[in-house]
Amino acid sequence: MYVNEQAVKEILEKVKPAKLVAATKYIDEKEIEKLEACGCLYFGENRVQAFLDKYEQYHGQGHWHFIGTLQKNKVKYIIDKVDLIHSVNSYHLIDELEKQAKKHDLKVHILLQVNIAREESKHGFDIEEMDEVMNYLMKCPSLIVDGLMMMAPNIEPEDTRIYFRQTRELLERLKETYPQYPLHELSMGMSQDYQIALEEGATIVRIGRALFHE
Ligand SMILES: *Cc1c(COP(=O)(O)O)cnc(C)c1O
């Protein structure tokens, strides 16, 4: 697919002051440079190999986020190359991130993925688990929890509003209980529902299809 320059500029304006992370799984490095030329400076890849290929080819000023399911054994390939990992969804992954962060002498910024709609098919922690997770993270001094990430169910956009709202409420509660963490980011909303996510407090939207054309 190719960058739709008009759409990128319009969406960048619309989402301000939230951050637009362009989902780059649909495009190659050439198009990533076009995104940057339009003013889009955050790129989110969801597979490790594709990320590494694009990262190596890309020589601009933009920032990379990892937004997809991350396997434990692949953490070591990306840990020193991404600014934020959106999709931290298990204790095993937390352990490996802490181990690799320490090894590279890095502070690693993460978001915790919440399975807010309790979907069998989706990754992420349950709401009830979150306090246990936050307490567990206290033993991980190399990890900085910037906030939460969620994937809305694939239903009518307006019906997802409640899940965005519940995620924001969870973030607010965690922020009060765990003041030692920044907890200021809410990564939610994609092409079909980002406007609703923004109304409900998204600070980062991850958008793919709406930025591109065939
Ligand atoms: C592809 C992808 C998006 C963007 O989805 P679109 O529907 O193309 O906007 C957002 N988040 C993740 C994790 C993705 O893999």
Side-chain angles (χ1 to χ4, degrees), residues 1-15 18-29 31-32 34-35 38 40-55 62-71 74-75 78 81-90 93 97 109-117 119-125 146-161 163-164 167-168 171 185-214:
M1 289 177 111
Y2 303 96
V3 170
N4 177 341
E5 297 181 12
Q6 188 63 29
V8 175
K9 287 175 187 163
E10 278 173 22
I11 291 176
L12 269 171
E13 274 310 306
K14 240 191 243 172
V15 307
K19 194 176 278 179
L20 171 63
V21 173
T24 53
K25 62 173 174 269
Y26 307 100
I27 58 170
D28 64 17
E29 325 61 75
E31 296 304 303
I32 291 171
K34 268 200 231 160
L35 275 176
C38 294
C40 176
L41 287 174
Y42 296 92
F43 314 127
E45 191 46 69
N46 64 335
R47 284 185 314 161
V48 169
Q49 192 53 54
F51 163 73
L52 291 172
D53 293 344
K54 291 171 192 178
Y55 180 86
H63 303 270
W64 289 92
H65 291 190
F66 196 81
I67 62 175
T69 305
L70 180 56
Q71 277 161 2
K74 301 204 170 149
V75 167
I78 70 161
K81 301 180 178 66
V82 296
D83 284 3
L84 183 63
I85 299 171
H86 287 230
S87 39
V88 176
N89 57 20
S90 74
L93 187 53
L97 285 163
H109 292 261
I110 62 169
L111 304 179
L112 298 172
Q113 184 172 355
V114 197
N115 187 357
I116 205 84
E119 291 178 281
E120 291 274 341
S121 60
K122 290 255 164 73
H123 295 284
F125 294 107
D146 277 357
L148 302 177
M149 178 270 215
M150 64 83 94
M151 307 270 289
N154 195 7
I155 51 179
E156 281 302 305
E158 189 55 40
D159 295 336
T160 57
R161 183 181 294 278
Y163 299 115
F164 294 138
T167 311
R168 188 194 60 213
L171 182 77
E185 302 284 21
L186 263 185
S187 169
M188 56 188 198
M190 318 203 303
S191 292
Q192 65 158 356
D193 53 20
Y194 72 91
Q195 311 205 41
I196 298 166
L198 289 166
E199 286 165 20
E200 296 300 331
T203 64
I204 302 176
V205 290
R206 309 178 310 272
I207 300 182
R209 286 165 300 147
L211 304 175
F212 310 124
H213 61 73
E214 296 291 339

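Counting starts at 1 for both ligands and their atoms, in listed order.
- Using modelled atom types and a 3.5 Å distance limit, the side chains of Asp146 and His109 yield a donor-acceptor pair.
- Thr24 and Glu45 form a side-chain donor-acceptor contact under 3.5 Å, judged by distance and modelled atom types alone.
- Asn115 places a side-chain N or O within 3.5 Å of a backbone atom of Lys122 that can act as its donor or acceptor partner.
- Aromatic ring orientation, Phe66 versus Phe51: perpendicular (interplanar angle above 60°, classes split at 30° and 60°).
- Judged purely by atom type and a 3.5 angstrom limit, Ser187 has no side-chain atom pairing as donor or acceptor with the backbone of Met149.
- For the residue pair Asp53 / Gln49, a side-chain donor-acceptor distance below 3.5 Å is found, with atom types taken as modelled.
- Protein residues with a heavy atom under 4.0 Å from ligand 1 are Ala23, Lys25, Tyr26, Asn46, Ile67, Met151, Met190, Ser191, Arg206, Ile207, Gly208, Arg209.
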